[in-house]
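Residue numbers start from 1 in every chain, and the chains themselves are labelled A, B, ... in the order their sequence lines are given, proteins ahead of strands. These figures come from a predicted structure and were not determined experimentally.
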Protein chains: 4
Amino acid sequence: MKTSKQTKAQEKINKKKEKNYQKQVQIIEGALQVFGEKGFEATTISAICKKAKISDATLYEYFNSKEDVLFSIAEYYTGTEIQKLKEVNHYIHDTRERMRMLIQAHLEFYESNPLYSSVALLNLKGNRNFIKSKAYGVVRESTRVFVDTFSEGVEKGIFRDDLDKYLVRNMILGFIEHLVIQWLLIGRPDEISTYRDTIFEMVIRAIEKNNPSPRSLS
Amino acid sequence: MKTSKQTKAQEKINKKKEKNYQKQVQIIEGALQVFGEKGFEATTISAICKKAKISDATLYEYFNSKEDVLFSIAEYYTGTEIQKLKEVNHYIHDTRERMRMLIQAHLEFYESNPLYSSVALLNLKGNRNFIKSKAYGVVRESTRVFVDTFSEGVEKGIFRDDLDKYLVRNMILGFIEHLVIQWLLIGRPDEISTYRDTIFEMVIRAIEKNNPSPRSLS
Amino acid sequence: MKTSKQTKAQEKINKKKEKNYQKQVQIIEGALQVFGEKGFEATTISAICKKAKISDATLYEYFNSKEDVLFSIAEYYTGTEIQKLKEVNHYIHDTRERMRMLIQAHLEFYESNPLYSSVALLNLKGNRNFIKSKAYGVVRESTRVFVDTFSEGVEKGIFRDDLDKYLVRNMILGFIEHLVIQWLLIGRPDEISTYRDTIFEMVIRAIEKNNPSPRSLS
Amino acid sequence: MKTSKQTKAQEKINKKKEKNYQKQVQIIEGALQVFGEKGFEATTISAICKKAKISDATLYEYFNSKEDVLFSIAEYYTGTEIQKLKEVNHYIHDTRERMRMLIQAHLEFYESNPLYSSVALLNLKGNRNFIKSKAYGVVRESTRVFVDTFSEGVEKGIFRDDLDKYLVRNMILGFIEHLVIQWLLIGRPDEISTYRDTIFEMVIRAIEKNNPSPRSLS
DNA sequence: CATGAATGAGAATTCATTCAT
DNA sequence: AATGAATGAATTCTCATTCAT
């Protein structure tokens, strides 16, 4: 089963593009709901198709496999989200403000899309195949704003120039995502976006320049 | 048939404690290897038992289900790790140093136990049943050192008293775990413990007291 | 995992009716053969499917479980038999003759369908779940002719009015079925329908009216 | 599994006799309870042994298999019951009264031992292996009283001499057992021994001699 | 005698996926 | 384009039974 998947996957490249985009979205939305509630393994194709009001076989006209559907969810939602972010970003010129906005936007996006958060953080983050997928590229791309914004700050001299920019991204995303995961799993805190300013402020302290560490750091 | 299953489920609890502890560990170690390499779903009971050199049926003398084995891995390793931490912790009096040590210890533990890291961060973190399990309690307990250390710092006046201690823990763990996950999945960075000082330093800046944020924070 | 099973159970009901009736019968006939020869527990789904020339998975498109197949056999054959009985019954006006016919029909049905007899009397009679099933309703219904015929005789004044009609049914069915079971298990007597007249006559003596018991019955 | 059972069974002949009779009874009583409540297939050796307060392995010191235990229940209880019957029988000289007593005794035995009734009528009657067992011989033997009593009546000229004595036994046992099964499964009637006189009287009418059937019997 | 420990053997069921129509 | 029907392939878990101690 595992081996044959690989082989067949190649024969079926990009079935998607050719077909009705509308229906793809319909399926993705159905899948989001079921995956989000039950998790990937516990979800059946049948359940997705029932939500999407299509037959099981039809799903395979639009996607190559159950996992393809899962990954496509990320691609779709991230793509959509990136658009919004770019627009807002366009109007913000202050780097610090951009960073604040990014954190806020991420928190709010997760908070207002718990099903997607569940899929992304409980099912995708940790999926070894995901990182090989095209969808992962899109998701990764979407986090580049943090890297870029940090770099921008470094150039402007407001952020420390002795930090690995990817490590900074790690910190910010790790912080946010860990919080969201906890919120999803144990329901605490009630609202995560409440913390947006504190989080921003902690991040800023960690990365801002003229912010001498009181004692020398070994 | 259905009803008797329910009944038996109750009788089954605590099958473990009564039996040979040695063999439990043997199974846990076999399972760690297979789960760590293939992931929970892709792992079969047979594979675990082959590694542990026991029959499939025997596994069920010691554990109630595949998931029980998974959770027990966390319980076992965390329990062991907590012991070590407590010992070291005992000899460190400086709060800052304690925090440094904790971060270092966590990073090194993950780095030197990639299989366990894989199980814990790719399979357990995100498992909705895990948080209901006894094992989760142990894991959670093990992270309390961060909360306690932070509180200690607050009391001593070296850490900010305007931060939610759980949020602080979130930041630290999120940061570390996100880094480890990336390391596991895409192999970067090569060595995560290299970053121990930078990470510590970023964390410290975020939580240390006499560290006025240069501009006012809205 | 546990919860979703419950949910699915509800969705599953009535899988049958919607699908190809032809194939259902095909499966039922295959199952009859295997159940009839080996008994319920000793029969495997595989064996049934081999007889029915379908794959194991296909069986589950038409039935919900092995037990569902078993019960459906009874429903199917009883349903068919009831039809025949009703037709014949229609042309018989004499109550005594009707009773004779019923006994004869039952004996002959069992005798000419030993596989079904085996399933019905060795596997179903005594199955605690069966009485809760829909199929049981059909079977029960099919024995009502005995009750009705007896009542008819009572009304006409030819049968005793001091007997519980259900007890009468018990006697007749118990008599017949016990005989059939013996025939199935130890092969004696060779032919059960040989006894049709004797059985009828014994039954009649027990229930007929102007048939004073010689001595007083305490 | 099926084939090896046969082979091994021969090696293990009569393990029973040599051992502690006390413990055998203890096991049989435990088994009666579990078999009686759950049925043969749904009963596990473990459950029996828990009731009997011995270890699973010990059961096999006294019995050769799970089925052996089942059959032994019948042997034990029937043996005990036969004793009682013989005693009572000894003091009854009237054939008709003997028949009345037998019916009454059977009904009362079943009614006061529902667990045994369940085992005997739901699990044993219909078990194809049972008839090959030694236990079956004992059970069969116990029903000979009906045959003998009927023969006695025939000799004395009070019972019809045109009836197959085994058919008579069939009628009586079938009647009684069918009633008991119904009582076990659907709980009706509330008390079966209430019917003892009616049943006796119906039986008597069917078999008594100077009891001319009103019309000629074809 | 009693039993703790180990296991062989199986078997029902699930589901993603395919394909002819 | 859509789908009803069919199935291959797999896997957890159960349990009667054995045997060394």
May I have the distance from [X] (atom [atom1]) to [N] (atom [atom2]), rounded to whole angstrom?
| X | N | atom1 | atom2 | answer |
| --- | --- | --- | --- | --- |
| D56(A) | dT7(F) | CG | P | 17 Å |
| K38(A) | dC15(E) | NZ | P | 10 Å |
| F35(C) | dA11(E) | CZ | C1' | 13 Å |
| D68(D) | dA16(F) | CG | C1' | 13 Å |
| K50(C) | dA12(E) | NZ | P | 13 Å |
| N20(D) | dT3(E) | CG | P | 12 Å |
| E41(C) | dG10(E) | CD | P | 16 Å |
| Y60(A) | dT17(E) | OH | C1' | 5 Å |

Both S46(D) and K53(A) contact DNA chain F. Taking the nearest nucleotide for each, which residue is further toward the 5' end?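 This one resolves to K53(A).
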
For I45(D) and I54(A), take the nucleotide of DNA chain F holding the closest heavy atom to each; which residue's nucleotide lies nearer the 5' end?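 The residue whose closest nucleotide sits nearer the 5' end is I54(A).
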
For dA2(F), the Watson-Crick or wobble counterpart (both distances under 3.5 Å):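 Paired with dA2(F), as far as the under-3.5 Å criterion goes, is dT21(E).
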
Nucleotide nearest K66(C) (side chain, heavy atoms from C-beta), chosen from dT13(E), dT7(F), dT18(E):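 Looking only at heavy atoms from C-beta outward on K66(C), the closest nucleotide is dT13(E).
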
Measuring from the side chain of E61(B) (C-beta onward, heavy atoms only), which nucleotide among dA6(F), dT7(E), dT3(F) has the closest atom?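 Output: dT7(E).
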
Whether Y62(D) contacts dC1(E) is assessed here as follows: a side-chain N or O lying under 4.0 Å from the phosphate OP1 or OP2. Is that the case?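 Answer no for this pair, as no side-chain N or O of Y62(D) is under 4.0 Å from OP1 or OP2.
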
Any base atoms under 4.0 Å from T58(A), or only sugar-phosphate, or nothing? Heavy atoms, all strands.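 Base contact.
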
Contact class for K23(D) (heavy atom, under 4.0 Å): base, sugar-phosphate, or nothing?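 Sugar-phosphate contact only.
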
Scan K23(B), E29(B), Q22(B) and name whichever one has a side-chain contact (heavy atoms from CB on, under 4.5 Å) with V25(B).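 Passing option: E29(B).
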
Identify, between L59(B) and S65(C), the residue whose nearest nucleotide on DNA chain E lies closer to the 5' end.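 First, find each residue's nearest nucleotide; the 5'-ward one identifies L59(B).
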
Is there a side-chain contact (heavy atoms from CB on, under 4.5 Å) between Y62(C) and N20(C) once you walk through the steps? CA-CA 8 Å; Y62(C) 295 87; N20(C) 187 352; 3.9 Å; yes

Using the rule ring pair (Phe, Tyr, Trp, His ring centres under 6.0 Å), only one of F35(B), Y136(B), F63(B), F130(B) pairs with F71(B); which is it?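 Among F35(B), Y136(B), F63(B), F130(B), the one that satisfies the ring pair (Phe, Tyr, Trp, His ring centres under 6.0 Å) with F71(B) is F130(B).
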
Yes or no on side-chain contact (heavy atoms from CB on, under 4.5 Å) for N127(B) and L122(A), after CA distance, side-chain angles and deciding distance? CA-CA 7 Å; N127(B) 183 313; L122(A) 306 185; over 6 Å; no

For K66(B), which residues count as a salt bridge (Lys or Arg N to Asp or Glu O under 4.0 Å) partner, sequence neighbours excluded?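 Result, salt bridge (Lys or Arg N to Asp or Glu O under 4.0 Å) vs K66(B): none returned.
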
